[in-house]
K.L.:
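So that we are looking at the same thing, I have put the structure below in C-alpha cells.
Labels below follow one simple rule: chain letters A, B, ... track the order of the sequence lines, proteins then strands, and each chain is numbered from 1. Quantities reported herein were computed from a predicted structural model and do not represent experimental measurements. Scope of the values below: all heavy atoms of this structure, side chains included, with no hydrogens, waters or symmetry mates.
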2 protein chains.
Amino acid sequence: MGHLHENLREVVECGLPGALEVIGDRWSFMILRAGFNGIRHFDSFQSELGIARNILSNRLHKLVENGIFSREPCEHDKRKVEYRLTAKAIDLLPALIALRQWGEKYTSKVPSNLVLVDARDRKAIEPVRLHAHDGRPLAYSDLDWEEADKVASTDRGASGECC
Amino acid sequence: MGHLHENLREVVECGLPGALEVIGDRWSFMILRAGFNGIRHFDSFQSELGIARNILSNRLHKLVENGIFSREPCEHDKRKVEYRLTAKAIDLLPALIALRQWGEKYTSKVPSNLVLVDARDRKAIEPVRLHAHDGRPLAYSDLDWEEADKVASTDRGASGECC
DNA sequence: GGAAGCGAGTTGCATTATGCAACCGAAATA
DNA sequence: TATTTCGGTTGCATAATGCAACTCGCTTCC
C-alpha cells in the first residue's frame with residue numbers, strides 16, 4: 001500500500017485540480033447527473049435536486065462557461081432555455097459511474113433498483129476498473145509511475161496518462 | 001443524447017450523493033490523491049496541498065470517520081500520526097483516475113510527464129471507460145436503464161448497478 | 001536534566017460561499 | 001387584458017473556508 005509515489009514536486013501538476021475546479025463541488029456533480037438523466041431546464045434541475053435557485057443559476061453559468069453544458073433558448077417557447085450536455089460532459093460519464101458504483105457499494109442504504117445495462121443484451125455493465133493496454137484488469141498493486149517520454153504508449157492523447 | 005432516463009422519483013436514490021458526502025469537496029479528493037502518492041503525515045499533507053491546517057484537520061477526521069483513512073499513532077515517534085489508505089479508499093482509485101484523465105484531456109495546460117503504467121510491462125494503462133459484462137467497451141449511446149430484478153446479472157453486488 | 005524544536009493539532013477572527021424567500025421581466029396562455 | 005410560467009436576481013441570515021498565532025506532548029541536543 002502506498003507504493004505509488006509521484007515525485008512530490010510534480011504532484012500538483014496533474015489533471016485532478018483542473019477537473020475539480022470544473023465539477024468539484026457537490027452540486028455541479030449532481031447537476032451533471034441530472035443532465036445525464038435527461039433534465040434540461042432550470043426549474044427541472046431546481047425541483048429535482050432541491051438546490052437553491054441562485055446557486056443553481058451560478059453553477060449552470062459556470063458549467064456552461066466550462067463547456068459542460070450548452071445553453072440554448074428554445075425555439076418554440078422563448079421563455080425556456082435548454083441546457084444540454086456536451087461531448088466534454090459525456091466524457092465524464094465513466095468518472096461519474098465509478099463514483100456512483102463506489103457509493104452504492106459503501107454508502108447507500110438501499111441500493112437503487114435501477115441498473116445500467118448494455119442496451120444490446122440488457123445485461124448489467126461491468127463495474128468500472130483499471131485495465132492494462134491489452135484489456136487485462138489491473139489491481140492497485142499492479143500499478144506504477146513512469147515518465148511519459150519513456151513509455152511506449154500504444155495510443156497517445158487522452159489515454160492512460162497520469163494518475 | 002439524453003436518452004438515458006431514470007424515473008425521476010428514483011433519481012435521488014443512488015450512490016452518488018453518498019459518495020459525494022464522503023469525498024465530495026475539492027479538498028477531500030486532493031487529500032485522497034496525496035494519500036495515493038504515499039503521503040501519510042499531517043504536515044506533509046499540509047505543505048503538499050497548501051490547505052489550511054484547521055480544514056485539513058477537519059477533513060482528515062471526516063475521512064477517518066468514513067473509513068477512508070486509518071489513523072495510527074507512530075510506534076517509534078509518538079509525536080507522529082500515520083494516516084493510511086484503507087481498502088475502501090483504494091476502491092476509489094478508478095473514480096479518481098477517471099477524473100484525472102478527464103482533467104488531463106480537457107483542462108490541463110501542460111500534461112503531466114508522469115504516466116500510470118502496468119508494472120508488469122511498463123505500458124501506459126488504458127483510459128477508464130465503461131465495459132459490458134463480457135468486456136466489450138461501451139459508448140454512451142449503448143447504455144440503458146433496467147430494473148434491478150429484471151436483470152440477469154452475471155455477478156451481483158457492487159457491480160454495474162445504478163447509473 | 002533543561003532548553004529548544006518538531007509534529008499534530010486548536011483557537012479567534014476576517015472573508016467567502018451557501019441557503020431561503022421574495023421579487024422581477026419577458027413570453028405564453030386563458 | 002389578466003394570469004401563469006420560466007428563468008432568473010436581490011437581500012439577508014447562516015455556515016464553511018482561510019490565515020496566523022498559539023498550545024501541548026514528545027524528542028533531541030547539550
Side-chain angles (χ1 to χ4, degrees), chain A residues 2 8 12 16-17 19-35 37-66 68-85, chain B residues 2 8 12 16-17 19-35 37-66 68-85:
Chain A
L8 297 192
V12 186
L16 199 60
L20 292 176
E21 210 153 306
V22 177
I23 36 106
D25 60 307
R26 184 159 47 274
W27 283 129
S28 297
F29 240 111
M30 292 299 288
I31 290 168
L32 181 68
R33 185 172 79 99
N37 279 294
I39 291 179
R40 302 220 172 120
H41 299 288
F42 190 93
D43 277 13
S44 313
F45 282 110
Q46 200 278 319
S47 62
E48 177 61 31
L49 301 175
I51 183 177
R53 302 175 73 79
N54 50 351
I55 307 299
L56 176 59
S57 174
N58 175 294
R59 291 301 185 279
L60 282 174
H61 274 93
K62 256 188 205 167
L63 290 168
V64 168
E65 251 174 49
N66 288 315
I68 306 296
F69 282 97
S70 69
R71 181 186 184 282
E72 297 165 33
C74 257
E75 277 305 304
H76 46 290
D77 185 343
K78 284 178 186 167
R79 291 171 304 179
K80 291 187 185 175
V81 172
E82 276 206 14
Y83 291 95
R84 287 194 203 156
L85 294 176
Chain B
L8 297 193
V12 187
L16 199 60
L20 292 177
E21 210 152 305
V22 177
I23 36 106
D25 60 306
R26 184 159 50 272
W27 284 130
S28 298
F29 239 110
M30 292 299 287
I31 291 168
L32 182 68
R33 185 171 79 100
N37 280 293
I39 290 180
R40 299 215 174 128
H41 300 287
F42 191 94
D43 276 14
S44 313
F45 282 111
Q46 200 278 318
S47 61
E48 178 60 33
L49 301 176
I51 181 177
R53 303 176 73 79
N54 50 351
I55 306 299
L56 175 58
S57 173
N58 175 294
R59 290 300 185 280
L60 283 173
H61 275 93
K62 255 188 203 166
L63 291 168
V64 169
E65 253 176 46
N66 287 315
I68 306 295
F69 282 97
S70 69
R71 180 186 185 283
E72 297 165 33
C74 257
E75 277 304 305
H76 45 291
D77 185 344
K78 284 178 184 166
R79 288 172 305 180
K80 292 186 184 174
V81 172
E82 276 206 14
Y83 290 94
R84 288 194 202 155
L85 294 176

K.L.:
Grab the CG-P distance between A:Leu56 and D:dG8 for me, whole Å please.
P.N.:
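Distance check: A:Leu56 CG to D:dG8 P gives 8 Å.
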K.L.:
A:Phe45 near the nucleic acid: base, sugar-phosphate alone, or nothing, with a heavy-atom cut-off under 4.0 Å?
P.N.:
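Nothing, no nucleic acid heavy atom in range.
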K.L.:
In Å, rounded to the nearest 0.5 Å, how long is the span from NE2 of A:His61 to CG of A:Leu56?
P.N.:
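Answer rounded to 0.5 Å: 10.5 Å.
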K.L.:
How close or far is atom P of D:dG7 from atom CD of A:Gln46, stated in whole angstroms?
P.N.:
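To the nearest whole Å, that distance equals 11 Å.
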K.L.:
Starting at the 5' end of DNA chain C and moving along, which residue's nearest nucleotide shows up first, A:Ile55 or B:Arg53?
P.N.:
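Counting from the 5' end, the first nearest nucleotide belongs to B:Arg53.
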K.L.:
Want to settle it: does B:His61 or A:Glu75 sit nearer the 5' end of DNA chain C, counting the closest nucleotide to each?
P.N.:
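Its nearest nucleotide lies further toward 5', so the answer is B:His61.
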K.L.:
Tell me whether the OP1 or OP2 atom of C:dA17 has a side-chain N or O from A:Trp27 closer than 4.0 Å.
P.N.:
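Answer is no, no contact under 4.0 Å.
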K.L.:
Look at the side-chain N and O atoms of A:His41 and state whether any lies under 4.0 Å from the OP1 or OP2 oxygen of D:dG7.
P.N.:
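For D:dG7, OP1 or OP2 has a side-chain N or O of A:His41 closer than 4.0 Å.
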K.L.:
B:Asp77 near the nucleic acid: base, sugar-phosphate alone, or nothing, with a heavy-atom cut-off under 4.0 Å?
P.N.:
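Contact class for B:Asp77: sugar-phosphate only.
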K.L.:
Indicate yes or no: at least one non-hydrogen side-chain atom of B:Met30 is less than 4.5 angstrom from one of B:Phe45.
P.N.:
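With C-beta onward as the side chain, the pair stays apart.
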K.L.:
Is there a donor-acceptor pair under 3.5 Å between the side chain of B:His41 and the backbone N or O of B:Val81?
P.N.:
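Side chain of B:His41 to backbone of B:Val81: a pair is present.
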K.L.:
What contact category does B:Arg59 fall into here, base, sugar-phosphate, or nothing, at under 4.0 angstrom with non-hydrogen atoms?
P.N.:
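Sugar-phosphate contact only - B:Arg59 comes under 4.0 Å of backbone atoms but never of a base.
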